[in-house]
Amino acid sequence: MTGTCHGGATLWDAIGLDILEERIYRLLLRDPRCSVEECARRLEAAPDAVRASVDRLMELGLLESAERRGLRAADPRIGLSGAIRRRRAELDRLSLVADELAADFQEGLLRADPERVIEVVEGSAAASRRVGELLAGASKEVLALDAPPYAASSGTSISAEEAALARGVRCRAIYSSAVLDLPAKLDEIRQMMSLGEQSRVHANLPIKLVLVDGVTALLPLTGNEEGVHFTSVVVRHSALTDALVALFETLWREAAPLAGTPSVPALDAVDRQILELLGVGMKDEAILRHLGISERTLRRRIASLLGRLGATGRFQAGVQAARRGWI
């Protein structure tokens with residue numbers, strides 16, 4: 001039976017096989033004695049088309065040369081696994097190209113209409129709603145710089161952060177050391193820490209900030225968060241958001257863990273193994289073979305671990321992780 005997907009596509013399209021190539025491969029799996037000419041006759045296909053398909057199947061590693069019969073089907077558990085790995089690598093490369101094209105697209109929009117970068121938000125209530133919307137749309141990471149003065153109620157942002165943490169979004173926050181003198185705020189922070197927020201304190205925060213997935217930021221333009229005269233801005237992906245990410249990471253390295261922050265963060269098995277392998281100086285190629293993950297996944301995980309450790313290099317990350325008792 002031929003596996004089909006919606007719209008008439010076949011499952012074999014995922015590894016780049018067309019209908020004829022699939023039929024030839026299936027025929028040779030069932031009847032290894034079948035020659036190219038016999039395949040053409042039984043499939044009612046042109047011999048030239050069958051020979052071209054056979055060449056393609058050999059390129060993919062699904063057919064092999066055989067001394068007596070000329071060719072034979074490769075074991076599907078080996079041949080198909082290799083084809084799947086190659087297609088995954090191609091998709092990873094395509095994903096990187098998509099990111100590059102998206103950056104070009106964004107730059108083009110900004111040149112054509114610079115007003116797309118900035119959205120002015122008037123009033124504390126509107127700003128609170130906008131924070132909630134941004135956090136609700138977070139998929140990877142939320143970064144925050146937090147300092148007094150505070151609006152009377154921050155319940156919307158707390159609920160939105162709780163939901164983000166529950167979805168697996170990483171949340172890091174740097175608080176002004178002034179919060180240590182605010183018992184109610186300190187209790188609120190400890191509540192978020194218990195849910196998974198990574199929290200640090202810094203003596204001098206230059207601005208307040210919420211930054212989502214590295215591409216969208218909200219920051220105030222005025223000091224007092226109460227009332228209709230409070231003004232803030234949403235900044236979309238641009239050199240400004242890149243600079244804000246860099247600012248946050250600099251402050252994060254300078255900041256101290258808040259009292260009560262767990263000394264050893266929750267690491268999944270893959271992150272723990274990556275840190276162990278980095279610590280002994282293992283190269284990326286060897287790590288990929290050892291863990292069986294894609295190159296793109298490894299790069300993403302290493303970048304995340306470097307940020308969490310405040311490390312500037314991979315070997316340094318492994319060493320720091322060992323010193324801190326992470327591994």
Side-chain angles (χ1 to χ4, degrees), residues 89 92-93 95-96 98-100 102-103 138-146 161 164-165 167-175 192-193 196-202 205-206 209-217 237-258 261-327:
D92 282 343
R93 289 194 293 271
S95 180
L96 292 175
D99 290 342
E100 294 172 1
S139 61
K140 299 176 183 176
E141 184 174 50
V142 174
L143 308 178
L145 301 178
D146 194 34
E161 185 180 351
L165 287 165
R167 295 195 307 274
V169 176
R170 183 187 180 200
C171 295
R172 288 189 288 159
I174 306 174
Y175 296 93
M192 301 314 302
M193 289 166 56
E197 179 186 276
Q198 299 174 49
S199 309
R200 294 187 181 183
V201 291
H202 195 287
L205 292 185
L209 171 70
V210 174
L211 203 156
V212 173
D213 294 337
V215 297
T216 309
H237 194 198
S238 61
L240 290 176
T241 52
D242 293 343
L244 290 170
V245 171
L247 171 64
F248 179 91
E249 296 297 352
T250 297
L251 294 171
W252 182 258
R253 288 191 290 271
E254 296 173 353
L258 190 62
T261 303
S263 58
V264 180
L267 295 176
D268 64 25
V270 174
D271 277 348
R272 196 175 300 279
Q273 289 182 74
I274 289 173
L275 286 172
E276 291 171 351
L277 298 176
L278 291 177
V280 297
M282 187 175 285
K283 301 295 185 183
D284 284 4
E285 294 79 4
I287 295 176
L288 289 171
R289 289 195 300 271
H290 185 81
L291 298 180
I293 60 178
S294 72
E295 183 178 356
R296 185 166 181 262
T297 297
L298 178 62
R299 286 198 302 268
R300 176 176 56 78
R301 283 181 175 265
I302 288 177
S304 174
L305 290 168
L306 289 175
R308 295 170 72 177
L309 287 160
T312 57
R314 299 180 177 198
F315 178 74
Q316 183 189 40
V319 172
Q320 288 190 16
R323 287 176 178 171
R324 296 186 190 186
W326 290 21
I327 54 176

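When a residue number appears, it is its place in the shown sequence, counting from 1. When reading the values below, keep in mind they use all heavy atoms of this one structure, side chains included, and skip hydrogens, waters and symmetry mates.
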For side-chain contact (heavy atoms from CB on, under 4.5 Å), just list the numbers for Val270 and Thr297, CA-CA rounded to whole Å, side-chain angles, deciding distance to a tenth of an Å, and then say yes or no.
CA-CA 11 Å; Val270 174; Thr297 297; over 6 Å; no
Evaluate Arg200 against Arg253 for side-chain contact (heavy atoms from CB on, under 4.5 Å), listing each step before the verdict.
CA-CA 10 Å; Arg200 294 187 181 183; Arg253 288 191 290 271; 5.6 Å; no
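With values rounded to the nearest 0.5 angstrom, Glu249 atom CD is found 10.5 Å from Leu306 atom CG. For the atom pair NE2 of His237 and CG of Asp242, the computed distance is 4.5 Å after rounding to the nearest 0.5 Å. Remark: Ile274 CD1 to Ile293 CD1 distance equals 4.5 Å, nearest 0.5 Å. Of the inter-residue distances, the one linking Gln273 atom CD with Met282 atom CE reads 10.5 Å to the nearest 0.5 angstrom. The CG atom of Leu291 lies 9.0 Å from the CZ atom of Arg301; values are rounded to the nearest 0.5 Å. Residue Leu165 holds its CG atom at 5.0 Å from CE of Met192, rounded to the nearest 0.5 Å.
Taking 4.5 Å as the limit, some side-chain heavy atom of Leu247 sits within range of a side-chain heavy atom of Pro206. Using a 4.5 Å heavy-atom cutoff, the side chains of Val210 and Glu161 are not in contact. A heavy-atom distance below 4.5 Å is not found between the side chains of Leu143 and Leu244.
For Arg170 (side chain) and Gln198 (main-chain N/O), no donor-acceptor pair under 3.5 Å exists by modelled atom type. Side chain of Ser304 to backbone of Arg300: no donor-acceptor contact under 3.5 angstrom is found.
The two residues Val215 and Thr241 come nearest to each other via the heavy atoms O-CG2, 3.5 Å. Listed here is the closest heavy atom pair of Ser199 and Trp252: N-CH2, 4.4 Å. Nearest heavy atom pair, residue Leu209 against residue Ala217, reads CD1-CB, 3.8 Å. When all heavy atoms are compared, the tightest approach of Phe248 to Leu145 is CD1-CD2, 3.6 Å.
Applying the side chain to side chain donor-acceptor pair (under 3.5 Å) test to Arg299 and every residue at least two apart in sequence or in another chain returns Glu295. Looking at residues two or more places apart in sequence or on another chain, you find no side chain to side chain donor-acceptor pair (under 3.5 Å) involving Glu276. Residues that satisfy the side chain to side chain donor-acceptor pair (under 3.5 Å) test with Arg296, not counting sequence neighbours, are Ser95.
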